[in-house]
S.K.: 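I have a structure here, written as structure tokens, and I will follow up with some questions on it.
Quick caveat: nothing in here was measured; it's all calculated off a predicted structure.
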Number of protein chains: 2
Amino acid sequence: MELVFLGTSAGVPSKERNVSSIALKLLEEQNSIWLFDCGEATQHQILHTSIKPRKINNIFITHMHGDHIFGLPGLLSSRSFQGGDDLLTIHGPPGIKEFVETNLRASGTHLTYPLSIQEVEKGQSISKGSFTVEVEKLDHGIPCFGYRVKEADKPGELLVAKLMERGIMPGPIYKKIKENDSVETHDGQLLKREDFIGKKKKGRVVTIFGDTRLPEKFQEFAKNSDVLVHEATFEHSKEETAKQYFHSTTTQAARLAKQSNSRKLIITHISSRYQAEDDNWLLEEARKIFPDTEIATDLSHIKIEAL
Amino acid sequence: MELVFLGTSAGVPSKERNVSSIALKLLEEQNSIWLFDCGEATQHQILHTSIKPRKINNIFITHMHGDHIFGLPGLLSSRSFQGGDDLLTIHGPPGIKEFVETNLRASGTHLTYPLSIQEVEKGQSISKGSFTVEVEKLDHGIPCFGYRVKEADKPGELLVAKLMERGIMPGPIYKKIKENDSVETHDGQLLKREDFIGKKKKGRVVTIFGDTRLPEKFQEFAKNSDVLVHEATFEHSKEETAKQYFHSTTTQAARLAKQSNSRKLIITHISSRYQAEDDNWLLEEARKIFPDTEIATDLSHIKIEAL
Ligand SMILES: [Zn+2]
Ligand SMILES: [Zn+2]
């Protein structure tokens, strides 16, 4: 599980930061890659990574502003050209289906793979193999969604040393112990599963917010994220401006991370009013409240380790 | 008058070549810039030039394939953001108006400037100040147009030395000579304009083709171009493939340049099957037939000088 930030700017591209897109690599888990938003030139950014467009099988769109969707038609076309055959599913706000279909039709684009477009709604839970994606509606003036990606918990491991101590040697019985509440051995011992199974391993949680103002309202949704990705379009002192434009500040993102008991915060969607040299103090504003914060830059990536 | 090649690839972007777009800088002539096609990430390419989006006041689209139009919504939005107030006119094939309007509506984009979208047709002549743009329909499977940009001829200059030789000194009479077929001087000389005006200066002609097969059919349209810009998606030996996919080869573009008596040919829209190291031999194929050929690369530019 790894996040790759393909575009980290707000509204317009700059030389340093492209408009929004984030890849979530699930190569070990599902041999697939998911995309969150797809601003213009996302496919160009991908050319500078090891990501293969044909491995992208789910795209989640937070909202319909141009800097989050204008790269979609081109990416879909190129995925065809680059030998994609597998189903691709796009999840997004109302209007996403018409947007994609109109663009493909107008450009005479015929995809070589099946495309499914699903409009999401608040409270929905989307199941994808061993992952579940929960959908929350944010506060951005137009319909805008956040996605909480939750890996299924893994059952604990068999406590082999403990079994062997009791004289129970590896064999078909190990499978039985794992799969039943209790098992009787040949020599009449009653073994309870709970005594021979280690602690279950909690699945990882990555919560990716779309654009929003007043993010602290969404504490519950962000709760216990291993990685929380949140916009910080503005600096701390611009809280009023942020509210007016339906965006968040560095500090608000950090407060959300703290209040939601998240492990790590990554701020992104940085206004093009800020230059590369501003990254440090913007980051410091957030770290004052939530020390384990990073500021995303284009093509930066972060592995999400289980606890 | 200067051409800047913003994207020179066919179909999909590569690391070296972006998809189609060409800027025609008319800064001295009209303080404006025209764009021909607008593939995805054209606005990103512009960030690496001195071009100001607000100076772009005309965009000509050759056809509706995605690699020629998917950058339009983003460029239009960013032009707003970067302080464009002046009218922008888009000229293009049927469908361009619906495409642009749907994208702006879907993304909730409100432009800060007036936008006019004009659908073109074969044989049309569009007047733009001292330039005229003629429209030809090409052979690309879907409606696809070429644009011939013709600068108005400039009247000849007054032959001042000759006038002074005859004792006619600079003064208001010079203006009269320029503006009338003949003028009588105070001392009764009859001066015919044709005797005192130099040769008129022919306006420059830049012809920009869209994608097409069998380009030699369009000799008349390309006639006497100072600069002819033409696609060469395929190498010489792939003439059959080119025909099948409605494209041209290096050689066909060169033959068109020769037969149309053009001064200079620039080939572009190079298939991504070719690498940077193939440029030389592709160019040589064309030069064998038309020596004054160049192959466009991204961000290359060429001044168009009058003869
Ligand atoms: Zn945004
Ligand atoms: Zn093309």
Side-chain angles (χ1 to χ4, degrees), chain A residues 7 9-19 38-48 53 61 63-82 92-110 140-144 272, chain B residues 7 9-19 38-48 53 63-82 92-110 140-144 272-273:
Chain A
S9 168
V12 291
S14 70
K15 274 196 210 175
E16 293 81 28
R17 294 184 183 274
N18 194 34
V19 284
C38 190
E40 185 180 354
T42 293
Q43 63 163 323
H44 297 68
Q45 294 289 83
I46 285 176
L47 289 174
H48 300 281
I61 299 294
H63 65 299
M64 295 291 292
H65 281 153
D67 56 317
H68 296 253
I69 59 169
F70 284 160
L72 209 38
L75 180 80
L76 298 181
S77 308
S78 295
R79 185 178 187 268
S80 241
F81 192 87
Q82 286 146 9
I96 189 68
K97 193 172 163 71
E98 199 205 331
F99 169 79
V100 171
E101 287 174 353
T102 308
N103 271 281
L104 295 180
R105 197 169 50 240
S107 58
T109 306
H110 304 285
H140 191 50
I142 64 167
C144 183
S272 62
Chain B
S9 168
V12 291
S14 70
K15 274 194 208 176
E16 293 80 30
R17 296 182 181 277
N18 194 33
V19 285
C38 189
E40 185 179 354
T42 293
Q43 64 162 323
H44 298 67
Q45 294 288 83
I46 285 176
L47 289 174
H48 299 281
H63 65 297
M64 295 291 290
H65 281 153
D67 56 317
H68 297 253
I69 59 170
F70 284 160
L72 208 37
L75 180 80
L76 298 181
S77 309
S78 295
R79 186 179 187 268
S80 242
F81 192 87
Q82 286 146 9
I96 189 68
K97 192 171 161 72
E98 198 206 332
F99 168 79
V100 171
E101 288 174 352
T102 307
N103 270 282
L104 296 179
R105 197 170 49 240
S107 57
T109 306
H110 304 285
H140 190 50
I142 65 165
C144 183
S272 61
R273 73 171 68 200

S.K.: Can you tell which of B/Thr102, B/Ile69, B/Asn103 makes a side-chain contact (heavy atoms from CB on, under 4.5 Å) with A/Asn103?
M.R.: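 That would be B/Asn103; it is the only one of B/Thr102, B/Ile69, B/Asn103 passing the side-chain contact (heavy atoms from CB on, under 4.5 Å) with A/Asn103.
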S.K.: Please look at B/Ser272 and chain A and tell me whether the side chain, the backbone, both or neither of the residue comes under 4.5 angstrom of a heavy atom of that chain.
M.R.: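 B/Ser272 touches chain A through side-chain heavy atoms alone.
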S.K.: What part of B/Ile142 gets within 4.5 angstrom of chain A, counting heavy atoms only: side chain, backbone, both, or neither?
M.R.: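 Neither part.
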S.K.: Between CZ of B/Phe70 and CG of A/Leu76, what distance do you get to the nearest 0.5 Å?
M.R.: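 One finds 8.5 Å between CZ of B/Phe70 and CG of A/Leu76.
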S.K.: Between B/Glu98, B/Lys15, B/His44, which residue shows the highest count of heavy-atom pairs closer than 4.5 Å to chain A?
M.R.: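 Answer, by heavy-atom pair count under 4.5 Å with chain A: B/His44.
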S.K.: Looking at every non-hydrogen atom in both residues, tell me the closest pair between B/Val12 and A/Ser78 and how far apart they are.
M.R.: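 Taking B/Val12 first and A/Ser78 second, the nearest heavy atoms are CG1-OG, 3.6 Å.
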S.K.: Among A/Pro73, A/Gly108, A/Ser77, which residue forms the greatest number of heavy-atom pairs with chain B at distances under 4.5 Å?
M.R.: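 With the most close heavy-atom pairs to chain B, the winner is A/Pro73.
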S.K.: Quick check on B/Thr42 against chain A: is it the side chain, the backbone, both or neither that has a heavy atom closer than 4.5 Å?
M.R.: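 It is the backbone, since no side chain atom gets that close.
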S.K.: Taking the side chain as every heavy atom from C-beta outward, state whether A/Phe99 and B/Ser107 have any pair of such atoms under 4.5 Å apart.
M.R.: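 They are not in side-chain contact.
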